[in-house]
Number of protein chains: 2
Amino acid sequence: MGVFSKTCEYGIRAVLFIAHKTASGGRVGIKEIATGIDSPEHFLAKILQDLSRKGLVQSAKGPNGGFYLDGKALRRPLSEVVEAIDGDGLFTGCALGLKQCSEINPCPLHNQFKLIRTEIQDLLQNAEIGTFNNELALGIRSLKR
Amino acid sequence: MGVFSKTCEYGIRAVLFIAHKTASGGRVGIKEIATGIDSPEHFLAKILQDLSRKGLVQSAKGPNGGFYLDGKALRRPLSEVVEAIDGDGLFTGCALGLKQCSEINPCPLHNQFKLIRTEIQDLLQNAEIGTFNNELALGIRSLKR
DNA sequence: GAAATAAAAGAGTTTTTTATCTTTTATTAA
DNA sequence: TTAATAAAAGATAAAAAACTCTTTTATTTC
């Protein structure tokens, strides 16, 4: 098991790919995105439809259509993409799956995982989608393989 | 999504429960374990069969039979239970699901998640199964709800 | 050695996740 | 206003994870 669901992995990679590809305007089609992040095209289409409905990515139909990110979307933290797809379980859930795990009813790993979860949340909340464009443009970060 | 699979959550909780219940000798049956950690009995049976084959828990059939942990098993770190069930993906995998993500071919989140993964691995490697018995006996740690 | 006990093993089912294929709708441009 | 383009939507399908039920095997006790 990874930290994110496969759906969420594809979603994050796609959003970063779109941000990078449309940095200087224009749109990018689902085929190019799927190839660019090595994901199943139609499955990714579903994911992006969902993110589009939620306003996390923008899209346009027809010739010259495709996906892109407006200014606001570019400034969103990755945590919002994660929450939109996987929910906030990663940030708030119990490591051992206990529904009522809390400070007053802690599981054996509660204290230690609280720290970990907070770290993950912090890092994702501080990771603006647009900030990865530089390194992607330089080719020193990969979104496939 | 949690950090562990449901199977792994049950596995960890069961192992800690067995350790606690058999701390002063004896065995504990599958029914009592399933009730004690609030898990589906037959599903848990499968998990414990697997852990038993791998030597992470001990078992005995027949009257007075049940599950227990020998001295060695009690001193094992929780990381071994996790690895036995979920594999080492949590410790070594890429957050974005890239097969070849590494120092020389990093994904955008590689550096930050490397730290997180190491922290999780460290905490599980330093968490001996038997060390939770105290707090479980005191009732200040929960394995159900 | 027969009866009772309890885990192991086998054989499913259900649910969720991941993935595919087809049809529809919106947009553009000739 | 027709043809081409590209996302949206709908309908399935395949695979994996989670869960259930039944039969078998090993062990103990009488």
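In this text, all values refer to a predicted model and were calculated from it rather than measured experimentally. Every heavy atom of this structure was used, including side-chain atoms; hydrogens, water molecules and symmetry mates were not. By convention in this document, chain letters (A, B, ...) are assigned in the order of the sequence lines, proteins followed by strands, and residues within each chain are numbered from 1.
Side-chain to base pairing of A:Lys46 with D:dA8: no donor and acceptor N or O lie closer than 3.5 Å to each other. Residue-to-nucleotide contacts include a donor-acceptor pair under 3.5 Å from the side chain of A:Lys61 to the base of C:dT25. In terms of polar N and O atoms assigned as donor or acceptor, the side chain of A:Lys31 never comes within less than 3.5 Å of the base of D:dA6 in a complementary pairing.
Within the structure, a side-chain polar atom (N or O) of B:Asn64 is placed less than 4.0 Å from OP1 or OP2 of D:dT29. Between B:Ser52 and the phosphate of C:dA8, there is a side-chain N or O to OP1/OP2 separation shorter than 4.0 Å. Close to C:dA8, at under 4.0 Å from its OP1 or OP2, lies a side-chain N or O of B:Ser59. For A:Tyr10 and C:dA19, the shortest distance from a side-chain N or O to OP1 or OP2 is below 4.0 Å.
For B:Phe67, counting side-chain heavy atoms from C-beta on, the closest listed nucleotide (C:dT5, C:dA7, D:dT20) is C:dA7. Distance from the side chain of A:Pro63 is smallest to D:dT5 among D:dT5, D:dA7, D:dA9. Checking D:dC19, D:dT27, D:dT5 against every side-chain atom of B:Phe43, the shortest atom distance belongs to D:dC19. Distances from the side chain of A:Thr7 to the nucleotides C:dA8, D:dC19, C:dT18 place C:dT18 closest.
Put simply, CD on B:Gln49 is 13 Å from C1' on C:dA11, counting in whole angstrom units. For A:Ile37 and C:dA19, the CD1 to P distance is 11 Å, given to the nearest whole Å. Spacing between atom CG of A:Leu44 and atom P of C:dT17 amounts to 18 Å, rounded to whole angstrom units. Rounded to an integer number of Å, the gap from CD of B:Glu32 to P of C:dA7 is 10 Å. In this structure, A:Ile47 places its CD1 atom 9 Å from C1' of C:dT18, rounding to the nearest Å. Atoms CG (A:Asp50) and P (D:dA7) sit 16 Å apart, rounded to a whole Å. One atom, CD1 of B:Ile30, and another, C1' of D:dT22, lie 16 Å apart when rounded to the nearest Å. Computed from coordinates, the A:Leu48 CG to D:dA9 P distance equals 13 Å when rounded to whole Å.
Both A:Phe17 and A:Leu78 are members of a single hydrophobic cluster when ILVMFWY side chains are connected at heavy-atom separations under 4.5 Å. Residues B:Tyr10 and A:Leu98 are members of separate hydrophobic clusters, defined by side-chain heavy-atom contacts under 4.5 angstrom among Ile, Leu, Val, Met, Phe, Trp and Tyr.
Of the two residues near DNA chain D, B:His42 and A:Gly29, the one whose nearest nucleotide lies more 5' is A:Gly29. In terms of position along DNA chain D, the nucleotide closest to B:Glu41 lies nearer the 5' end than the nucleotide closest to the other residue of the pair B:Arg27 and B:Glu41. Along DNA chain C, the nucleotide closest to B:Ala45 and the one closest to A:Lys6 are compared, and the more 5′ of them pairs with B:Ala45.
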Donor-acceptor list for residues 121-145 of chain A side chains, cut-off 3.5 Å, not counting sequence neighbours:
{"from": "A:Asn126", "atom 1": "ND2", "to": "A:Asp122", "atom 2": "O", "distance (Å)": "3.0"}
{"from": "A:Thr131", "atom 1": "OG1", "to": "A:Glu128", "atom 2": "O", "distance (Å)": "2.6"}
{"from": "A:Asn133", "atom 1": "OD1", "to": "A:His20", "atom 2": "N", "distance (Å)": "3.1"}
{"from": "A:Asn133", "atom 1": "ND2", "to": "A:Ala19", "atom 2": "O", "distance (Å)": "3.3"}
{"from": "A:Glu135", "atom 1": "OE1", "to": "A:Arg141", "atom 2": "NE", "distance (Å)": "2.8"}
{"from": "A:Arg141", "atom 1": "NH1", "to": "B:Cys107", "atom 2": "O", "distance (Å)": "2.8"}
{"from": "A:Ser142", "atom 1": "OG", "to": "A:Lys144", "atom 2": "N", "distance (Å)": "3.2"}
{"from": "A:Ser142", "atom 1": "OG", "to": "A:Lys144", "atom 2": "O", "distance (Å)": "2.5"}
{"from": "A:Lys144", "atom 1": "NZ", "to": "A:Thr35", "atom 2": "O", "distance (Å)": "3.0"}

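One finds the CZ atom of A:Arg117 at 12.0 Å from the CD atom of A:Gln112 (value rounded to the nearest 0.5 Å).
Inter-axis angle, ends of the helix from C:dG1-D:dC30 to C:dA30-D:dT1, five pairs per end, rounded to 10 degrees: 0°.
The shortest distance between side-chain heavy atoms of B:Val82 and B:Cys8 falls below 4.5 Å.
Looking at A:Thr22, A:Leu51, A:Ile47 one by one, the single match for side-chain contact (heavy atoms from CB on, under 4.5 Å) with A:Val57 turns out to be A:Leu51.
The residues A:Lys54 and A:Asp50 are annotated as salt-bridged, a charged nitrogen and a carboxylate oxygen being separated by less than 4.0 angstrom.
Under a 3.5 Å cut-off, the side chain of B:Asp70 and the backbone N or O of B:Ala73 do form a donor-acceptor pair.
Here B:Ala60 lies in heavy-atom contact (under 4.0 Å) with sugar-phosphate atoms only.
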